[in-house]
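We're numbering straight along the sequence, starting at 1.
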Amino acid sequence: MKLPTTLFVGLLAALILVAGLPLVPVAQTSGRKNPDLVISSLAGRDLFEFYCSSCHGRDGKGGGHTAPALKVPPPDLTTLSQRNHGTFPAARVEALIKGEERLSTPAHGSSDMPVWGPIFKGLDNRDEINAARIENIVRYIESIQAKAKA
């Protein structure tokens, strides 16, 4: 005896339900959640620790946990003012973060630093929020500048 297809599918679904199996396959998880790619905080310190510290270190001195894997060590961000005649180069730091300026020319090798402007835009398309993120990171980096030696 041959069952019509609709009857067969109905009986199969009823059998699955009686057995307690889901009708739709459920993806198995290992219990580990993928890491977040964006944080809700706009505080400069939080943003720096989340996006920058893996290379630059939590203290900004270039000793992040991924720094050894880079071709060129990340710079010590706490000495930017010292290396710029005592003035923090806010506009240049902002341009570097946005990708409007690069750290090196092709003749000297490419920059390993991610261009965060487009990355932030890809994670969150709100321009005003991304501008605030970048501005707050720049302000935080300014706040960690080493004091000039007397």
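Side chain of Asp59 to main chain of Lys61: a donor-acceptor pair is present (N/O by atom type, distance under 3.5 Å, no hydrogens or angles). Side-chain N or O atoms of Thr78 include none that pairs as donor or acceptor with a backbone N or O of Gly60 at under 3.5 Å. Under the 3.5 Å distance criterion, the side-chain polar atoms of Gln145 are matched with a main-chain donor or acceptor of Ser81.
A salt bridge is defined here as a Lys NZ or Arg NE, NH1 or NH2 lying under 4.0 Å from an Asp or Glu carboxylate O, and Arg133 with Asp124 meets this definition.
Applying the side-chain hydrogen bond (donor to acceptor under 3.5 Å, both in side chains) test to pairs two or more places apart or on separate chains, those with a residue in residues 37-52 are Ser41-Asp46, Arg45-Glu49, Glu49-Arg58.
Taking every heavy atom of both residues into account, Asn84 and Pro89 meet most closely at ND2-CB, 3.6 Å. Ala67 and Cys55 make their closest contact through CB-O, 3.6 Å (heavy atoms, listed as atom of the first residue, atom of the second, distance). Nearest heavy atoms, Leu77 versus Ile141: O-CG2, 4.0 Å.
At least one side-chain heavy atom of Phe88 sits under 4.5 Å from a side-chain heavy atom of Leu80. Between His65 and Ser53 the shortest side-chain heavy-atom distance does not fall below 4.5 Å. At least one side-chain heavy atom of Ile137 sits less than 4.5 Å from a side-chain heavy atom of Phe120. In this structure, Glu94 and Glu135 have side chains that are not in contact, with every pair of non-hydrogen atoms separated by 4.5 Å or more.
Hydrophobic clustering (side-chain heavy atoms under 4.5 Å, transitive across Ile, Leu, Val, Met, Phe, Trp, Tyr) groups Leu123 together with Ile39. Val115 and Val72 are not part of a single hydrophobic cluster, where members link through side-chain heavy atoms under 4.5 Å apart. Residues Ile129 and Val38 do not share a hydrophobic cluster, defined by chaining ILVMFWY side chains whose heavy atoms lie under 4.5 Å apart.
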Carefully, step by step, assess Lys121 and Asp127 under the rule side chain to side chain contact (heavy atoms under 4.5 Å, CB included).
CA-CA 7 Å; Lys121 179 90 170 156; Asp127 291 335; 2.7 Å; yes

Test log, rule salt bridge (charged side-chain N to carboxylate O under 4.0 Å, His left out), inputs Asp76 and Arg83:
CA-CA 10 Å; Asp76 180 346; Arg83 291 182 276 140; 5.8 Å; no

Are Lys98 and Ile134 close enough, and set up right, to give a side chain to side chain contact (heavy atoms under 4.5 Å, CB included), and what steps lead you there?
CA-CA 8 Å; Lys98 287 180 174 179; Ile134 292 169; 3.7 Å; yes

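One distance of note links SG of Cys52 with CH2 of Trp116; it measures 6.5 Å at 0.5 Å rounding.
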